[in-house]
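Read through the structure below, which is laid out as structure tokens, and then see the notes.
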Amino acid sequence: MKLRLFVFVICVATLTSYSQTNSSVIVKVNQPVAQIPPTLWGVFFEDINFGADGGIYAELVKNRSFEFFKPMMGWTVQQKKFTEGAIQVLHRQGTNLSNPRFLRIALNKAVKGDIGITNEGFRGMGIKKDLRYDFSVLFQTAGNDIKLYLELLNAKNEIIGSSSMNLKAGTNDWQKQSVGFVANATDPKAKLNIWFEGNGTVDLDMISLFPEDTWKKRPGGMRADMIQLLADMKPGFIRFPGGCIVEGFDLSQRYQWKKTIGPVEDRQLGINRWNFEFAHRPAPDYFQTFGLGFFEYFQLAEDIGAEPLPILNCGMACQFNSSELVPVGELDPYVQDALDLIEFANGDVNTTWGKQRAALGHPAPFNLKMLGIGNENWGPQYLERLKVFTKAIKEKYPAIRLVNSSGTGPDGDRFDLLNSELRKMNADIIDEHYYRSPEWFLQNAARYDNYDRNGPKIFAGEYAAHADKTVSPENKNNWYAALSEAAFMTGLERNAGVVSMASYAPLFAHAEGWQWTPDLIWVDNLHAYGSPNYQVQKLYSLNKGTSVVPALRNNLPLSGQDSLYLSAVIDAGTKEVIIKVANVSAKAQNVNIEVAGAKKIGGSATVMVMKSDDLKAVNSFDNPDKISPQQTTLPLKGKNLQLPLAAYSFNVVKIKI
Ligand code: AHR
């Protein structure tokens with residue numbers, strides 16, 4: 001009798017657990033709970049890891065204006081017969097504050113090969129066969145005409161492209177001269193030789209070489225392959241220019257947008273704070289030329305259909321570094337920079353700053369809607385300064401939505417103070433940052449389920465799952481990190497009613513020049529590929545939908561039960577329900593998905609699957625698509641889809657409704 005009872009209990013228990021783990025996920029497509037903000041999935045750009053100079057900014061000459069800390073860094077001098085003083089660095093004391101240095105070369109009946117300079121590029125120059133390269137220089141030569149011979153050399157010192165130009169002697173004014181020439185071979189590690197011929201002196205500045213194939217073929221523009229990867233994501237917004245770069249090591253090094261617009265030779269170079277931030281990843285040649293400045297960022301946002309989200313310094317230098325503060329009573333110039341930026345972006349062409357925008361070639365406004373005040377700032381000192389900015393900006397531009405910092409992490413005293421004070425201040429948008437372990441992402445997928453729907457919106461402004469210590473070479477963009485982010489993002493999507501924006505960080509890294517790992521997109525001088533994390537971001541962004549709908553199993557969202565994470569949206573435009581499911585288990589599983597509330601549904605589902613049994617798997621230059629979505633089609637039975645989920649997989653299911 002006792003044995004029978006035991007067997008009965010076991011059977012019931014087994015059946016109950018079987019029915020629980022195998023009951024359907026019901027997706028109620030006729031009960032939208034929140035609209036998906038068009039900005040939900042965006043990108044975070046910062047000049048870190050040689051993301052701008054040496055990255056998307058396609059300039060190939062490093063230290064083109066001799067303004068690096070060491071004026072000849074990146075350059076070597078070639079002299080057949082050494083002559084003391086033949087090459088000098090001059091400094092225009094007081095007459096040119098933004099670009100004071102230039103190079104003077106004294107020639108004594110020199111012929112080609114006697115005297116020259118060589119630029120090494122940013123860890124070499126990436127040169128492509130049959131592509132035109134545009135060389136330009138600012139020069140002045142008082143006495144005689146001087147001839148310049150240009151040579152592109154490959155890593156074996158063979159000439160793979162050449163040209164020449166005559167610099168006419170004339171007035172003592174600076175003039176610009178350009179010449180284009182085609183390379184006859186590809187090399188990732190080329191360099192540029194400039195030989196001088198003639199008699200007398202020649203002064204040179206802004207020595208520049210750009211490939212012809214920049215983004216939208218803009219002269220002096222951006223690297224098209226890198227921008228294409230962004231455009232392919234169709235990001236809802238682009239945040240720029242950072243990141244800690246906004247704050248600077250100290251206030252003198254803060255990012256100042258007004259110094260980044262107008263003629264490139266007038267944009268005052270600054271040291272990049274990532275130059276010296278990490279002792280084990282020093283980058284002494286990392287400076288910001290600002291060739292890529294605020295006008296170009298706005299233009300980029302427009303090109304790729306993303307809302308611009310500039311972040312401005314709030315009178316505080318980086319609190320991990322100098323922690324310098326502008327006294328609250330002296331914030332006016334900083335606040336004025338913010339007000340002027342809004343006018344620069346949106347003002348009529350008759351306003352002071354709107355006129356400047358028009359003069360740069362963009363009379364139409366950029367339609368700026370959001371502005372970040374401070375980056376990762378914290379403490380009462382941040383709140384004090386934020387209040388001053390908020391008052392001034394809201395008075396003049398009440399429609400601009402302000403992004404406020406909640407500090408460096410998603411919890412702890414720093415976060416708690418700011419989170420509660422910002423809510424009392426009725427903040428528009430609170431920026432949360434988390435660089436945490438994959439396990440943290442899995443455990444926190446439901447983080448926003450109970451956030452106040454009527455309070456500030458949330459911007460998950462910087463996040464990434466870190467498989468190892470930040471800045472460790474072992475901290476890879478591996479599949480486990482990407483899968484845990486995919487799982488976590490079901491929680492962001494499900495809570496799109498409160499989370500209005502999210503961006504992975506950082507965006508770009510040069511394989512030979514990085515300071516911070518992991519990063520979304522990896523590049524060398526000729527190639528760029530998206531990490532598995534990039535593929536996850538892209539899947540979310542391209543399948544954003546227009547409204548969140550309930551997707552419940554046993555009346556609960558799937559957020560970790562049986563290692564499954566699931567969210568669903570409908571797309572009113574394409575008339576689809578889109579379901580995202582991460583299976584973070586070593587075992588394959590099946591889920592039954594029931595599409596409820598649709599009059600009619602398609603007979604099949606399109607499923608995009610990212611998977612790997614190897615959680616350490618990564619994409620690479622040799623195998624850039626190793627972990628990327630593969631598409632299949634599955635039949636539906638009536639309103640039901642039996643969805644097989646491979647072990648360690650992320651799945652995006654689309655069904656016509
Ligand atoms: O994304 C890298 C850095 O992380 C950012 O510059 C900063 O905001 C954060 O600490």
Side-chain angles (χ1 to χ4, degrees), residues 42-53 55-56 230 235 237-250 253-255 270-278 280-281 283 286 288 297 309-314 316-323 372-379 382 386 403-412 414-415 418 429-437 440-441 459-473 475-477 481 485 501-510 513-522 531 533-534 537:
V43 291
F44 160 98
F45 180 83
E46 176 169 21
D47 192 3
I48 183 174
N49 305 315
F50 287 83
D53 285 285
I56 57 171
L230 297 189
F237 66 90
I238 176 165
R239 165 182 171 161
F240 56 86
C244 291
I245 208 146
V246 170
E247 303 162 40
F249 177 88
D250 59 22
Q253 290 175 16
R254 75 189 189 278
Y255 197 100
I271 192 164
N272 187 307
R273 54 152 299 128
W274 300 107
N275 179 309
F276 49 81
E277 181 70 20
F278 296 125
H280 70 300
R281 295 293 301 173
Y286 204 0
Q288 297 183 86
Y297 283 126
L309 171 53
I311 307 284
L312 294 183
N313 186 294
C314 63
M316 300 176 73
C318 181
Q319 288 159 279
F320 290 116
N321 298 148
S322 72
S323 290
I373 306 301
N375 172 47
E376 227 175 38
N377 299 111
W378 69 79
Y382 173 61
L386 177 64
V403 172
N404 298 169
S405 162
S406 64
T408 53
D411 44 35
R414 258 182 213 163
F415 176 84
L418 291 177
I429 304 169
I430 300 180
D431 181 7
E432 296 189 356
H433 293 183
Y434 21 89
Y435 296 106
R436 297 286 163 115
S437 68
W440 183 92
F441 277 83
F459 172 27
E462 291 184 32
Y463 66 90
H466 282 198
D468 204 320
K469 285 193 284 299
T470 307
V471 310
S472 153
N475 199 3
K476 301 252 190 234
N477 285 92
E485 288 155 12
M501 296 190 290
S503 45
Y504 183 99
L507 186 54
F508 289 114
H510 191 290
W514 60 267
Q515 291 80 47
W516 180 289
T517 50
D519 305 284
L520 203 62
I521 295 170
W522 285 83
S531 61
N533 317 65
Y534 168 85
Q537 293 286 326

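Counting starts at 1 for both ligands and their atoms, following the listed order. In what follows, every heavy atom counts, from backbone to side chain, and hydrogens, waters and symmetry copies are set aside.
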Protein residues having a heavy atom less than 4.0 Å from any atom of ligand 1: F44, E46, G243, C244, W274, N375, E376, Y435, E462, P506, W516
Q288 side chain to D47 backbone, donor-acceptor under 3.5 Å: no
For S405, side-chain contact (heavy atoms from CB on, under 4.5 Å) partners two or more places apart: Y382
For D519, side chain to side chain donor-acceptor pair (under 3.5 Å) partners two or more places apart: N49
Those residues that, when tested against R414, pass side-chain contact (heavy atoms from CB on, under 4.5 Å) (two or more places apart): W378, T408
Pair Y504 + Y534: ring centers closer than 6.0 Å: no
Between Y463 and Y435, ring centroids under 6.0 Å: no
